[in-house]
Amino acid sequence: MIVSIVLAIILMMNSCNGQTREPVVRPATQANRFYDGNAQRLSQEVDSFLALHRGSADSRRVAALIVPHAGYYYSGNVAASAYMALNPKQLYKRIFLLGPSHHEWLDGASVNTEADYYATPLGNVKVDRETAKKLTTDFTDCTDSFSTTNFTNYTNFDSAKDCERVFFYKPEAHDREHCLEVQLPFLQRRLGDVPPIVPIIISTNDFQKLSRMAEALKPYFTDENLFVISSDFSHYPTYEDAYEADGKTGKAIESGDVGQFIAAIEENARSGKRNLATSACGEFAIITLMLMLDSNYEVKHLMYQNSGDIGDTDHSRVVGYHSFAILRNGNDGNGRTRTNTDFVLSDDDKKKLKEIALNSIKDSLDGNSVSVRVRPMQEYPMLSKKCGAFVSLHKHGHLRGCIGHFGEDTPLYEIVAEMARAAAFEDPRFMPVSREELDAIDIEISVLTPMRRIQSLDEFELHRHGIYIRKGYRSGTFLPQVADEVNWTKEEFVGHCSQDKAGLGWNGWKDAELYVYEAIVF
């Protein structure tokens with residue numbers, strides 16, 4: 001009896017080892033629902049959408065796409081505008097598919113480690129189970145001294161909780177989910193041989209977990225991989241409200257600033273307009289992507305429609321669809337953006353910017369919310385370049401206000417006007433500037449060159465470079481001229497910025513992202 005039991009156990013173990021495992025195929029659960037289940041008709045449908053966007057491929061390598069996931073009748077045209085941005089001759093090692101859960105609350109992210117293939121009517125797409133398993137086994141979330149976020153819809157960071165996995169596998173998150181599956185036929189028709197996919201469903205409003213996911217995925221955010229983010233936008237407002245809300249959300253994504261995106265989502269939710277509690281169902285996946293972006297990337301808006309634009313659809317309840325391509329900027333071969341040596345301001349440009357800054361402050365004192373005098377004439381083309389800037393105000397040699405903006409999302413003349421107003425009236429360290437003291441105010445403007453990420457302090461030059469430190473939602477900067485005011489070494493300069501500006505502690509910069517930039521100061 002004992003012998004027979006042992007033999008049975010041995011036979012069971014042999015039948016369950018890796019050599020005899022049958023491939024697991026995740027079925028095409030959305031065929032004949034979100035898209036046609038017939039292979040020939042599906043190919044024709046997808047190809048007809050793609051044909052509407054011929055010539056849309058960008059010469060730069062596409063790092064990521066943001067694509068809708070509704071039924072093809074409604075969102076197929078917008079989805080095709082994203083997939084036609086891909087160059088089919090560019091080979092990817094794997095594709096990360098990130099999307100929301102429509103059926104299960106996860107408080108984390110589920111990675112499909114079970115399926116070997118995802119089926120569609122056009123054939124099976126292989127899953128990179130090795131990478132999927134690595135994500136679920138290697139990465140945990142351990143909260144130490146993180147501060148809470150400023151976003152009302154995101155949970156606070158709890159420094160007392162234990163470590164927990166941010167990636168895991170929950171079958172129910174994938175079984176009925178459509179947001180990733182509907183992307184596959186487009187990939188199959190556009191790329192032909194689709195590289196292995198890593199299917200990830202994200203469902204948590206814990207900002208620290210999203211930051212940890214971005215940190216874990218960042219090593220894969222390279223030239224060899226493509227990220228596809230699946231998201232629809234406004235859900236069932238009126239046609240007019242959708243255009244307004246989706247416009248705000250789209251502009252925020254295009255800025256590349258995750259804070260702006262979250263603020264836009266929350267502004268829509270607080271607007272009081274019907275059915276805007278959700279203005280991006282894939283917001284958690286989008287946040288994860290945006291946390292991986294830096295100045296080496298450009299977010300390019302491709303197309304917008306909502307369901308009210310298709311056929312005779314009811315305009316009282318519509319769903320919005322955006323598409324975006326995230327492009328890698330020109331680089332030096334190592335992924336680092338070249339410094340823009342062509343960016344030069346003439347004396348007339350600088351004089352005009354000083355005038356714009358002063359007029360912006362005067363207009364605010366006069367009660368004008370928008371100055372018609374900040375718009376430069378055609379003889380100042382450099383002032384329409386998109387770059388960051390700081391405006392500092394001094395009175396009798398003492399600082400009276402200083403506010404700046406990073407990023408390359410707004411024309412220089414607009415940034416200077418906005419930052420001048422902010423420095424005069426919104427710097428919390430000082431009382432607002434009064435009309436009586438305006439004649440005693442000196443304006444200093446620092447125009448920032450594009451930021452470049454560095455891997456070592458050896459690439460940082462004291463007195464020439466400003467430093468920008470970012471880790472998660474925390475960040476801080478010192479302008480280059482700070483080095484002229486203190487007697488610090490390079491290590492002290494970065495240490496003080498990490499501790500005093502970013503709130504990361506003296507050595508926090510060592511595992512943070514570091515960027516350098518130069519400043520044209522006048």
Side-chain angles (χ1 to χ4, degrees), residues 28-56 65-85 99-100 102-103 120-122 176-190 229-251 253-254 264-265 268-269 271-283 286 301-325:
T29 61
Q30 307 307 315
N32 293 317
R33 297 186 68 238
F34 281 75
Y35 57 85
D36 201 305
N38 176 276
Q40 182 177 358
R41 290 196 300 268
L42 177 59
S43 295
Q44 291 172 346
E45 182 181 25
V46 173
D47 289 350
S48 67
F49 283 127
L50 293 172
L52 297 174
H53 303 278
R54 285 195 182 99
S56 299
L65 299 172
I66 299 176
V67 194
H69 55 235
Y72 284 9
Y73 173 77
Y74 294 104
S75 67
N77 186 22
V78 178
S81 70
Y83 286 109
M84 281 300 284
H102 289 85
H103 306 287
T120 82
L122 305 182
R176 296 178 294 154
E177 184 55 59
H178 66 276
C179 71
L180 305 187
E181 179 185 329
V182 298
Q183 310 302 338
L184 298 178
F186 274 99
L187 287 166
Q188 288 172 305
R189 295 305 296 171
R190 181 57 175 160
I229 312 303
S230 182
S231 181
D232 293 339
F233 286 83
S234 60
H235 281 57
Y236 307 116
T238 65
Y239 182 89
E240 293 77 13
D241 288 348
Y243 259 88
E244 180 181 348
D246 291 335
K248 293 177 184 176
T249 311
K251 185 176 181 181
I253 292 174
E254 197 171 10
I265 292 287
N268 288 339
S271 68
K273 295 179 179 178
R274 180 171 58 87
N275 292 338
L276 282 178
T278 299
S279 52
C281 60
E283 64 178 292
I286 294 172
H301 184 252
L302 300 173
M303 188 177 181
Y304 173 77
Q305 283 185 332
N306 65 49
S307 57
D309 295 313
I310 292 93
D312 297 322
T313 307
D314 182 7
H315 279 208
S316 67
R317 282 172 54 87
V318 304
V319 178
Y321 314 115
H322 277 295
S323 61
F324 300 84

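Within the 4.5 Å cutoff, the side chain of His322 has heavy atoms near those of the Asp246 side chain. No side-chain heavy atom of Ile229 sits under 4.5 Å from any side-chain heavy atom of Leu65. Annotation: side chain of Thr249 is in contact with side chain of Ser279 (closest heavy-atom distance under 4.5 Å). Contact check for Ser43 versus Leu122: side-chain heavy atoms found under the 4.5 Å cut-off. The side-chain heavy atoms of Glu244 and Lys273, taken from C-beta on, include a pair separated by under 4.5 Å. Using a 4.5 Å heavy-atom threshold, the side chains of Thr238 and Arg274 count as touching. Using a 4.5 Å cut-off on side-chain heavy atoms (C-beta onward), Ser231 and Pro68 make no contact.
Put simply, the residue from Arg190, Arg189, Gln183, His53 that forms a side chain to side chain donor-acceptor pair (under 3.5 Å) with Tyr83 is Gln183. The side chain to side chain donor-acceptor pair (under 3.5 Å) with Thr29 is formed by just one residue from the set Arg176, Glu177, His178, Glu181; it is Glu181.
With Thr313 contributing its side chain and Gly308 its backbone, the two residues share no donor-acceptor pair below 3.5 Å.
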task = Could you go through the side chain to side chain contact (heavy atoms under 4.5 Å, CB included) check for Val67 and Ser230 one step at a time?
result = CA-CA 5 Å; Val67 194; Ser230 182; 6.0 Å; no
key: Residues Phe233, Tyr304; criterion ring-ring contact (aromatic ring centres under 6.0 Å, His included); working and verdict   = CA-CA 10 Å; Phe233 286 83; Tyr304 173 77; 8.0 Å; no
key: Working for side-chain hydrogen bond (donor to acceptor under 3.5 Å, both in side chains), residues Asp309 and Tyr243   = CA-CA 11 Å; Asp309 295 313; Tyr243 259 88; 3.0 Å; yes
task = Step by step, work out the side chain to side chain contact (heavy atoms under 4.5 Å, CB included) result for Ile310 and Tyr73.
result = CA-CA 8 Å; Ile310 292 93; Tyr73 173 77; 3.5 Å; yes
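Applying the side-chain contact (heavy atoms from CB on, under 4.5 Å) test to Ser48 and every residue at least two apart in sequence or in another chain returns nothing. Taking Asp36 as the reference, Arg41 meet the salt bridge (charged side-chain N to carboxylate O under 4.0 Å, His left out) condition, with sequence neighbours excluded.
Asn306 and Gly320 make their closest contact through CB-CA, 3.7 Å (heavy atoms, listed as atom of the first residue, atom of the second, distance). Considering all non-hydrogen atoms of both residues, Leu302 and Ala85 come closest at CD1-CB, 4.3 Å. Cys281 and Pro100 get closest at one heavy-atom pair: O-CB, 3.2 Å. In terms of heavy-atom proximity, Ala280 sits nearest to Ile265 at CB-CD1, 3.7 Å. Contact record, Gln188 with Thr120: OE1-OG1, 2.7 Å, taken as the closest heavy-atom pair. Closest heavy-atom contact between Gly76 and Phe186: O-CZ, 3.6 Å.
Aromatic ring orientation, His315 versus Tyr239: parallel (interplanar angle below 30°, classes split at 30° and 60°). Using cut-offs of 30° and 60° for the angle between ring planes, the His69 and His102 rings count as perpendicular.
With rounding to the nearest 0.5 angstrom, the NE2 atom of His235 is 10.5 Å from the CG atom of Asn275. The CD atom of Gln30 lies 11.5 Å from the CG atom of Leu184; values are rounded to the nearest 0.5 Å. Atoms CG and OG, from Leu276 and Ser271 in turn, are 4.5 Å apart once rounded to the nearest 0.5 Å. For the atom pair OG (Ser307) and OH (Tyr321), the distance works out to 4.5 Å, reported to the nearest 0.5 Å. Going from atom OH of Tyr72 over to atom CG of Leu42 covers 6.0 Å, rounded to the nearest 0.5 Å. To the nearest 0.5 Å, atom NE2 of residue His301 and atom CZ of residue Phe324 are 4.5 Å apart.
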